[in-house]
Amino acid sequence: MNKILKYTGIALLGMLAFSACSPDDYASPNGNNVPVAADYADNVIINVVQDENTAYFTFEAAPGVSPVWIIDGSQYSGDFTAKKYQRKAGDYKVELKVKNANGISNDALTFSYHIDKTRMNGFGGFDVDSPYNLFKGATVQQVAGYYAPGWSQIADPTVIHGAGNDFTVQLPVGTTDRWQAQVPFETNITTSESEETYDFSCILTSNKDFNVMVKFTNPNNDGDFYFAEEQAVKAGEPICFYMTEMPSRNIENLKLFFDFGGCPDATEVSVENLVFIPHSKNDIVAPEKGEPEPVWREAENLWVTANPQLASCYYAPGWAQIADPTVTIDGGVISISLPSATFERWQAQIPFTTDLGITDTNQEYDFLAVVESNASFKGMFKLTQDGDDNNFLFAKEQDLVAGAETRVVVSKCKLGNPAEKMKLFFDFGGNPNNTEIRITKIILQTHKE
């Protein structure tokens, strides 16, 4: 009731003010009275909740002005309190302009904030802060490597060191083969043969898709190592590389070795949260390693030519259909707003027709969708023949995690019968109230071993 009276009072005041003024008395916006953002620096409060990987930006109210937040250079908000989830550890910036009835400030204030740790969708590695982590307090020093695109050696990649033993490797020139981009690091970590076993983990984040070789080896004998394994990395997606219960070896000053052979031009790879820990001292249990994701070949992405068009939706909380959800496509990003909760599968169906046809039923395909959700529940993803819902390439349910990216991956799938056109189908039945979904990347490719 108070709100209604308040808003009614404002409305009546506005009517009285309007009736009391003639057109000649009306005050139009004055460009000379545009606010200056620098005058409001003390009105800004930035609070980073590290447990949530979220920064909260608050503008304390000031007479006649309101904020315009510019987050990551592209996301705008006019709310007095805005927020931004950052999945990856690092330094970030937010800009602030201010506005009043005369316009928006020409200047902008820039504020920096820091996210301590990368947040993973799944397993995030072992405890980097454990007192038993042998990398804790250890020295990790880059030594001369071998960077040879086309087997012609050039200057070593640039390594930028961050907090603790974290670092980022910059590889300006692409390579084509394993061993063409070797980046080794000396450590002072020493182990001796015993009954102990060891666990290792680190988080790798690349801006390009390719396969990284990770090796932890004897500096004097390259054939004497704890492990030498390849790890597929996906552009912008933190990946945990880990090994468990490795028998102890008698090695002094272990060498940590990365080979980025096969990297595209202008590749950057960050390495975070190095952990090497006796298994008996490790309180974290690693999951069983499943089949790795395919290497995604964006240059061969069939979805680029799909021309997706939103078809008739079915949005029916409690099986009573209501207005379709708001769906937008902007630069390949699909945004879906589901204001009302649903309770069962098929109550929130959002289909897209395409120009994509599949005629070869012997061909295997790989599919990837990168999905962001502000709520945790289970979604359905299906790529089917347009007009025949039983002839589908795949139908997969996937848990979505609030505030995180989820990679929906289907590999080696085949279509039962030829289809002139395919339909991509999302069902978010089971969503809570005010669910927001963003599908930020879709790849469909022929499968290659």
Side-chain angles (χ1 to χ4, degrees), residues 48 50 52-55 72-73 84-93 113-129 135 140 142 157-172 174-175 181-183 185 200-216 229-243 256-276 286-287 289 292-298 368-372 401 403-409 438 440-441 443:
V48 181
Q50 297 293 353
E52 300 175 1
N53 278 42
T54 300
D72 290 346
K84 178 62 177 178
Y85 169 84
Q86 300 286 6
R87 186 169 178 207
K88 184 153 184 336
D91 294 307
Y92 298 91
K93 293 182 179 179
Y113 62 96
H114 183 77
I115 299 294
D116 289 343
K117 293 183 179 180
T118 296
R119 185 178 290 263
M120 307 293 290
N121 286 334
F123 180 60
F126 306 118
D127 183 7
V128 69
D129 295 320
F135 274 106
V140 180
Q142 181 190 7
T158 298
V159 176
I160 300 172
H161 291 271
N165 286 319
D166 297 350
F167 55 86
T168 298
V169 181
Q170 297 178 332
L171 301 128
T175 54
Q182 303 175 32
V183 184
F185 296 83
F200 176 96
S201 68
C202 67
I203 296 173
L204 304 173
T205 309
S206 172
N207 65 342
K208 303 290 176 70
D209 291 1
F210 71 110
N211 286 353
V212 175
M213 166 65 77
V214 188
K215 190 172 183 178
F216 205 32
E229 299 279 338
E230 285 194 353
Q231 173 68 59
V233 290
K234 319 298 177 186
E237 175 69 17
I239 296 290
C240 181
F241 171 87
Y242 64 96
M243 303 292 296
L256 180 62
F257 177 95
F258 296 89
D259 177 63
F260 302 106
C263 64
D265 287 339
T267 292
E268 286 195 4
V269 182
S270 68
V271 180
E272 303 171 81
N273 293 9
L274 285 165
V275 178
F276 186 55
K289 288 192 175 184
E293 280 191 28
V295 175
W296 300 105
R297 311 183 307 277
E298 297 206 39
L368 167 70
V370 180
V371 184
E372 298 175 356
V401 180
E405 288 183 349
T406 300
R407 296 174 71 85
V408 181
V409 177
R438 294 177 75 240
T440 60
K441 179 185 288 188
I443 296 177

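- Checked for salt-bridge contact, E298 and K441 meet the test: a charged N lies under 4.0 Å from a carboxylate O.
- Counting heavy atoms from C-beta on, the side chains of I239 and Q231 come closer than 4.5 Å.
- Using modelled atom types and a 3.5 Å distance limit, the side chains of E268 and T168 yield no donor-acceptor pair.
- Once rounded to the nearest 0.5 Å, the distance linking CG of N207 with CD of Q170 reads 9.5 Å.
- The two residues W296 and K234 come nearest to each other via the heavy atoms CD1-CD, 3.6 Å.
- Electrostatic pairing of D129 and K117 counts as a salt bridge here, judged by a charged N lying under 4.0 Å from a carboxylate O.
- Remark: side-chain polar atoms of D265 are paired, donor with acceptor, to backbone N or O of G174 under 3.5 angstrom.
- Judged by distance alone, the side chain of Q50 and the main-chain N or O of H114 form a donor-acceptor pair under 3.5 Å.
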Exercise for the section: Report the C-alpha separation of V169 and F260 in whole Å, then their side-chain angles, then the decisive distance to 0.1 Å, and conclude whether the side-chain contact (heavy atoms from CB on, under 4.5 Å) test is met. Expected result: CA-CA 9 Å; V169 181; F260 302 106; 4.0 Å; yes

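- Taking the centre of each ring, F257 and F216 stay at or above the 6.0 Å mark.
- Side-chain atoms of L274 and F200, non-hydrogen and from C-beta on, do get closer than 4.5 Å to each other.
- In this structure, T440 and R438 approach most closely via the heavy-atom pair CG2-NH1, 3.6 Å.
- For K208, the side-chain hydrogen bond (donor to acceptor under 3.5 Å, both in side chains) criterion is met by no residue, not counting sequence neighbours.
- Shown here are the side-chain hydrogen bond (donor to acceptor under 3.5 Å, both in side chains) partners of H161, two or more places apart in sequence or in another chain: there are none.
- When all heavy atoms are compared, the tightest approach of T118 to A89 is OG1-N, 3.0 Å.
- Looking at every heavy atom in both residues, C240 comes nearest to S201 through SG-CB, 4.2 Å.
- Side-chain contact between F258 and Q182 is absent, with no heavy atoms from C-beta onward closer than 4.5 Å.
- By the 4.5 Å heavy-atom criterion applied to side chains, D72 and Q86 are counted as neighbours.
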Exercise for the section: Would you check, one step at a time, whether the test side-chain contact (heavy atoms from CB on, under 4.5 Å) holds for V128 with F126? Expected result: CA-CA 6 Å; V128 69; F126 306 118; over 6 Å; no

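- N273 contributes no side-chain N or O that, together with a main-chain N or O of C202, makes up a donor-acceptor pair within less than 3.5 Å.
- Side-chain contact of N165 with E272: a donor-acceptor pair under 3.5 Å is absent, judged by distance alone.
- Neither side chain, Y85 nor E372, offers a donor N or O lying under 3.5 Å from an acceptor on the other.
- V408 has its side chain within reach of V371: a pair of non-hydrogen atoms, C-beta onward, lies under 4.5 Å apart.
- Residues F210 and V233 meet the side-chain proximity criterion, which asks for heavy atoms closer than 4.5 Å.
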Exercise for the section: Could you check I203 against V271 for side-chain contact (heavy atoms from CB on, under 4.5 Å), going step by step and ending with a plain yes or no? Expected result: CA-CA 6 Å; I203 296 173; V271 180; over 6 Å; no

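- The two residues V409 and P294 make their nearest non-hydrogen contact at CG1-CD, 4.0 Å.
- Between E229 and M243, some side-chain heavy-atom pair lies under the 4.5 Å cut-off.
- Separation of the F123 and Y242 ring centroids falls under the 6.0 Å cut-off.
- Considering every non-hydrogen atom in both P157 and V183, the closest pair reads CG-CG2, 4.0 Å.
- Within the 4.5 Å cutoff, side-chain heavy atoms of S270 are placed close to those of K88.
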